[in-house]
Amino acid sequence: MAKARHGASLDLALVRNIGIAAHVDAGKTTLTERVLYYTGASHKIGEVHEGAAHMDWMAEEQAHGITITSAVTQCPWRDHLIQIVDTPGHVDFTIEVERSMRVLDGAIIVMDGVRGVEPQTETVWRQANRFGVPRALFINKMDRPGASFDRAMETVRTRLGEEPVPVCVPVPEQCIVLHVIERQAYTFGGEKGEVVESRPLTEGEAEMLAEHREHLLMTLAEHDEALADKVLLDEEVAEEEIWDVLTRLTRAGVVRPAFSGSALRNWGVQPLLDAAIRIMPSPLDRPPTLGRTLEGDEVAVAMTDDGPLVALAFKVQLFEGRRHVFARVYRGVLEPGMQVALAGKETTERVARVFGIDANRKSRVQRAGAGHIVLLAGLRYATTGDTLCDPENPVLLERIDARYPVLGLAIEPESSRDEEKIFEVIRKMTEEDPSLRFEEDPDTGQRILKGMGELHLQIAFERMEREFNVKVRSGRPRVVHRETIGSEATAEGGVDRVLEGLGRLELKATAVVTVGPLKRGAGVQVSSQPKWEPAEHTPTPEQVEAVRQGAHDALGGGPLEGAELEDIQVTVDKVITFGSASGPQALRIAVAQAVREALERADGVLLQPIMKVEVVVPDENTGTVLGDLQARGAAILGHEAEGGTTVIDAECGLTRLLGYATDLRSMTRGRGQFVMEFERFDAL
């Protein structure tokens, strides 16, 4: 049996590490609040719309009514321990989902029963795919007018290319669900849906369920021969056999079981919990995590308390003004006072405290074994993506990539007294959130804070004031650009100078370089295998490396704004040497000069962030909103009417979307909403 929470000894087979993710406003935090209440981990249900959700503990989350940071908690259910990570749904905070998916064993993707798959649903689905996370669906808000279980399932097939299979089908008029496998009707009574009862199906319910059961069995039978024989012969299939096949295929990522209900109305949650501990994998059921030694050899890290420590730091967060690190233990044990190495960084740190975590509440534990998600205090240098390991047995786990920010604001403190303090504050915040970047403009001296969008930066400013008592002024939003080139160009560059100093140093070399554009997304490619002149010259390894480095030196910024370069090919065609004067330093300068000259001639092209936009508006405002989007230069990809509203899909440059939320509210009298997600850098 699973024992006490927060790090006590427990059987890993009875542990489930599950994330709850969704598009913004699909109801995932509401679902999490019900899970905590029904499992006894919380004595009351906190409502998001009242600013009282247990998991939305930050002041900014309560004020804005959205989840901003991933929150971790634990709860018992049927002798199991469920470790839950509630993730944000707004695209500006997608780094929180990325690093959560990295350490989860399973996920529940919550969907709006009216809208089905939405843009951020697709994003979190891709993130889960990247880390091979098994997942189930909870089709929520089935009490809303226009909600359709079947249509939501169809959007999973068409937009995600996945095969959902029904397990709990809703009957919205009665606030019940019909269980496809057990062939029972579940009702939810009591003041808050805590009284769950099951009964046999009525004749009408059995008829309604028959089609869904047939779909479930036929889908599972496609991947299991024994089950296929029974289904084809129309034999009765035992409940346990269906569960076994569904569990195996869910964990393998072949099918996605679908449940339904309304978290806000307190129905449909308990059957989802029962199924989660049955079909979602324990840490022991997941394949071993792959890591690498410092020499680059691949090593499998088995989930066991035995063996040298391997843990992943997946998040840095300030609690009560002090730096803490979230970590998932993959092998070995973590105890207070342990020395841990940051693999690949030649740094060793001491873990001062180990905590179990419940949203923003922490409790000290003396031991955390494999499979645990814990909070560590005392680590000064560990950052998101670092591997914590035994100093004598270093292992590198796969890191967590941060998205590059697309929007920047020039900032300065309101008070000159905070001039020095602001640097320390931003350092702490960028450690917490790798998708926040801070830099100084070398030309203007302005300090630029970059983020994933306007809301992302707004929340950062609010936190600076609340947590650190630093108020900032900000300038107009500045969109982050990239540069490429529009044509091929060849240029010759060189160096011919004499440096006087401690001794006379002659630098002389010439290089010929060609640059050309590549297709979008190809990155920057450098070929440094030139023809050397004179022909009898045999370059040294140092000279070869200098040519390569020289080409990269010139790629720090483009010819138009000095922005980061993308999608270009650089080829060093020829290098002319002049005896001892053509040492590595001369060659590096010559090649860099040639590349810069070629870029100047190659018709520079400015690239800006192109955003994928979904706008939802009342039908009567569709024409106005479409016209406004086209006036902004947006490419309309399609629009579809659904139950009195129209969903418009488009692509638009970020520059033209600044302040769009305010304009959309004006055009639709506050009834329109939109989400945007970075798609690519491109020219308009």
Side-chain angles (χ1 to χ4, degrees), residues 401-411 426 430 434-452 457 475-495 509 511-528 530 545-573 584-610 653-655 678-684:
D401 293 331
R403 307 290 181 91
Y404 194 86
V406 296
L407 189 67
L409 286 175
I411 62 170
I426 291 176
T430 52
S435 60
L436 272 178
R437 306 280 176 89
F438 178 69
E439 61 188 43
E440 287 197 42
D441 189 308
D443 298 322
T444 65
Q446 284 184 318
R447 297 157 186 167
I448 310 295
L449 187 65
K450 296 179 179 179
M452 301 303 295
L457 293 171
R476 287 177 54 81
R478 187 171 111 177
V479 174
V480 176
H481 290 144
R482 299 281 177 88
E483 291 185 39
T484 189
I485 53 178
S487 62
E488 187 175 286
T490 300
E492 180 180 291
V495 59
V512 178
V513 169
T514 299
V515 297
L518 295 174
K519 65 180 182 180
R520 294 289 172 265
V524 176
Q525 299 175 15
V526 177
S527 174
S528 56
E545 177 62 16
V547 169
R548 188 191 68 80
Q549 289 181 344
H552 285 281
D553 287 347
L555 297 176
L560 300 177
E561 291 185 349
E564 187 175 335
L565 284 159
E566 281 203 351
D567 308 331
I568 65 169
Q569 169 76 48
V570 178
T571 304
V572 184
D573 300 314
Q585 186 178 357
L587 293 172
R588 187 168 178 172
I589 295 171
V591 172
Q593 180 62 34
V595 172
R596 280 191 284 267
E597 182 65 32
L599 289 173
E600 289 285 349
R601 299 179 183 179
D603 302 323
V605 177
L606 202 62
L607 305 178
Q608 70 160 307
I610 304 299
L654 178 57
T655 304
F678 172 72
E679 181 73 10
R680 66 186 184 281
F681 279 97
D682 211 338
L684 284 183

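Note that the coordinates shown come from a computational prediction; the quantities given were computed from them, not determined experimentally.
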Do you know which two heavy atoms are closest between [X] and [Y], and how far apart they sit?
X	Y	result
Gly493	Ala594	N-CB, 3.5 Å
His481	Leu606	ND1-CD2, 3.7 Å
Ala551	Val591	N-CG1, 3.5 Å
Leu587	Ala509	CD2-CB, 3.8 Å
Val480	Gly408	CG2-N, 4.4 Å
Leu607	Ala683	CD2-N, 3.4 Å

Check for a donor-acceptor pair, side chain of [X] on one end and backbone N or O of [Y] on the other, with a separation under 3.5 Å.
X	Y	answer
Asp553	Ala592	no
Gln608	Phe681	no
Glu483	Gly562	yes

Distance in Å, [X] [atom1] paired with [Y] [atom2], rounded so as to fall on 0.5 Å steps:
X	Y	atom1	atom2	result
Leu599	Ile568	CG	CD1	5.0 Å
Leu560	Arg482	CG	CZ	15.0 Å
Glu439	Arg447	CD	CZ	13.5 Å
His552	Arg588	NE2	CZ	10.5 Å
Gln549	Ile589	CD	CD1	12.5 Å

Would you say [X] and [Y] make side-chain contact, with heavy atoms under 4.5 Å?
X	Y	answer
Val513	Thr571	no
Gln525	Leu518	yes
Val605	Ile485	no
Val572	Thr514	no
Val570	Ser527	no
Val547	Ser528	yes
Arg520	Thr484	yes
Ile448	Lys450	yes

Residue pairs passing the side chain to side chain donor-acceptor pair (under 3.5 Å) test with at least one member in residues 597-606, sequence neighbours excluded, are Ser487-Asp603, Glu597-Arg601
Do other residues, nucleotides or ligands put more than 12 heavy atoms under 6.0 Å from the CD atom of Glu564?
yes
Tell me, please, which residues at least two apart from Ile426 pass side chain to side chain contact (heavy atoms under 4.5 Å, CB included).
Ile411, Ile422, Thr430, Phe438, Leu449, Met464
